Amino acid sequence: MHKFLNVSISNNIFIFLISFIYCCLVINIENTIGINLKFHPDSLFYLQRASNINWSEFNLNHLFYFYVKFISNKELLIIVNFILYSFTNILILKFLNKKFKKKNLLYLFIILFFIFNPLRAHYASHILKETIVIFMLVSLICSRNNFISFLILVFGFYFRPAFLIYTIAFAKINKSKGLLILIIISLIFFLIHFKDAILFVIFQTNGDMQFRNFDNVPNFVDLGFQGQILRSIFWPFLLSTGSFVMISFNIFFLPIALYNSIQLAICVYLSENYKEFILLFAILFIFAFIVSGFTSFIRYTLPLMTVFPLILKMKNK
C-alpha cells in the first residue's frame, strides 16, 4: 500500500491529470444543472471590461483585465484556470511530501482533500481571479528565493490588492526574514495606496452585497458600523466551522460547509496550539468587516482558507 502511495501520489503527471479531469467533471456537472458563465456576474464584467480596454491604456492597476484581453477567449481562459489548478496541486503535493515523514493513509487523505476541493474547482470553471491568486499564494509558500517572492507579491497585489492581506498569515512563520520584511513593506504600501478606501469602509457602510437568493446568512447591514462589527465576530466562526449551512441550508452551501468543517479538523491536527489560529481569524475579521454578502465573503476568503493548512505545516515541523 505504502509503495503504491509513493509511486502514484508522487507522480506529477498523475496529479496533473486527475486534477484536470476533476475540473472538467465539475464544469460539465455545473453546465448540466444550469450553472454557466452567467452564474458569476463578475465573469461577464471582466470579459466586457477587457473587450473595451485598449493596450495603449495599459497599467498594472488593470492587470487582470489585460490578462483576460491577452487570452481573449473565454474557453481558453477556463482551460488556463484548469492548468493552474492542476499545477497548484503539484506544488501542494511537493510541499506536503517534504513535510510528512510518514506517507500513511492520513497523508493520502490530505492530498486528496486538496486535489478535490469543490469550491476551488467551481471558481476555476469561471473567469474569476481565485485560481490565479491561490496559485500565487502556494507559489509564495514554496518559494525559497526572495526575488521570486517579491515578484509574486507585486503581481499578486495588482491581480487583487487584498492579496497582501492574505500574506498577514505568514507573519509568524519561521521562514526567511527577507520575505517577512517584503510582506511588511508591501502591507505599508497597501495601507498608503488604499488609505481613502480603507477610511470609507471603516466609517461608511459598503451597501448590501447579499446577491444570492439562497444566501440567508444575516449580514446586519441595517445596523451600519455595529453591523460590520457583528459580521466580523460571527462570520469567521460560521465559515471555518461550516455551521453557516444550519442558518442558510441549501444545496449550494452544503458541500462548502462539509469541506470547511473537515478542513478545520485538519488544521487542528496540524497545529501545535490554538494561538496559531489568531492570525487566521484576524484576517477573516477584516474581510467580514469589508464584505456584506456571505457568498462574497466565502469567495474572497477562499485563497486564505486553502493555504492555511500549508502555513501551519510550514511552521510546525
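None of the values given here were measured: they were computed from a predicted structure.
- Under the side-chain contact (heavy atoms from CB on, under 4.5 Å) criterion, I33 pairs with I35, not counting sequence neighbours.
- Ring pair W235/F297 is tilted by interplanar angle, where 30° to 60° counts as tilted.
- Taking the ring centroids of F234 and F237, they lie at or beyond the 6.0 Å cut-off.
- Atom CZ of F116 has more than 12 neighbouring heavy atoms from other residues, nucleotides or ligands inside a 6.0 Å radius.
- Remark: K313 NZ to C267 SG distance equals 12.0 Å, nearest 0.5 Å.
- Looking at heavy atoms from C-beta onward, Y46 lies in side-chain contact with D42 at the 4.5 angstrom threshold.
- Side-chain atoms of Y259 come within 3.5 Å of backbone N or O of F113 as a donor-acceptor pair.
- Proximity of Y67 to V80: side-chain heavy atoms (C-beta onward) are separated by under 4.5 Å at one or more points.
- Separating the CD atom in E75 from the CD1 atom in I127 is a distance of 8.0 Å, to the nearest 0.5 Å.
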Practice prompt. Could you walk me through whether I141 and F170 pass the side-chain contact (heavy atoms from CB on, under 4.5 Å) test, one step at a time?
Written response: CA-CA 9 Å; I141 289 173; F170 290 75; 3.6 Å; yes

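- Formation of a donor-acceptor pair under 3.5 Å by the N219 side chain with backbone atoms of G293 is not found in this model.
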Worksheet item: Going through the distances and angles, do T88 and I92 end up as a side-chain contact (heavy atoms from CB on, under 4.5 Å)?
Response: CA-CA 6 Å; T88 301; I92 291 172; 4.0 Å; yes

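- With rounding to the nearest 0.5 angstrom, the CD atom of E30 is 4.0 Å from the NE2 atom of H126.
- Within a 6.0 Å sphere centred on CG of L76, other residues, nucleotides and ligands contribute more than 12 heavy atoms.
- Here the side chain of E130 pairs no donor or acceptor atom with the backbone of L302 at under 3.5 angstrom.
- Side-chain contact between I134 and Y123 is absent, with no heavy-atom pair separated by less than 4.5 Å.
- Cation-pi contact between K69 and F58: absent, since separation from the ring centre below 6.0 Å together with deviation from the ring axis within 45° is not met.
- With N12 contributing its side chain and I90 its backbone, the two residues share no donor-acceptor pair below 3.5 Å.
- No more than 12 heavy atoms of other residues, nucleotides or ligands shown are found within 6.0 angstrom of CZ on F155.
- Here the straight-line distance linking atom CG of N89 with atom CG of L84 works out to 11.0 Å at 0.5 Å rounding.
- I18 has its side chain within reach of I115: a pair of non-hydrogen atoms, C-beta onward, lies under 4.5 Å apart.
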Which side-chain N or O atoms in residues 279-290 pair as donor and acceptor under 3.5 Å with protein atoms at least two apart or in another chain?
none

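- Between the side chain of N81 and the backbone N or O of A124 there is at least one donor-acceptor pair closer than 3.5 Å.
- Not a single donor-acceptor pair under 3.5 Å links the side chain of N97 to the backbone N or O of L93.
- Residues S271 and F277 form a side-chain contact, since some pair of their non-hydrogen atoms from C-beta on lies under 4.5 Å apart.
- A distance of 5.0 Å separates CZ in F249 from CG in L254, rounded to the nearest 0.5 Å.
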Practice prompt. Output, in order, the C-alpha distance, side-chain angles, deciding distance and verdict of side-chain contact (heavy atoms from CB on, under 4.5 Å) for L96 and F114.
Written response: CA-CA 11 Å; L96 293 178; F114 274 105; 3.9 Å; yes

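- The six-membered or imidazole ring of H122 lies near that of F39, with a centre-to-centre distance under 6.0 Å.
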Discussion item. side-chain contact (heavy atoms from CB on, under 4.5 Å) for L128 and S43? Distances and angles first, verdict last.
Written reply: CA-CA 6 Å; L128 299 169; S43 293; 3.7 Å; yes

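- In this structure, NE2 in H62 is found 8.5 Å from CD in E57, a value given to the nearest 0.5 Å.
- You'll find the ring centres of F253 and F244 inside the 6.0 Å limit.
- Classification of the W55-F70 ring pair by plane angle, with boundaries at 30° and 60°, yields perpendicular.
- Aromatic ring centres of F20 and Y85: separated by at least 6.0 Å.
- Contact of the F163 side chain with the I152 side chain is registered, since non-hydrogen atoms from C-beta on lie closer than 4.5 Å.
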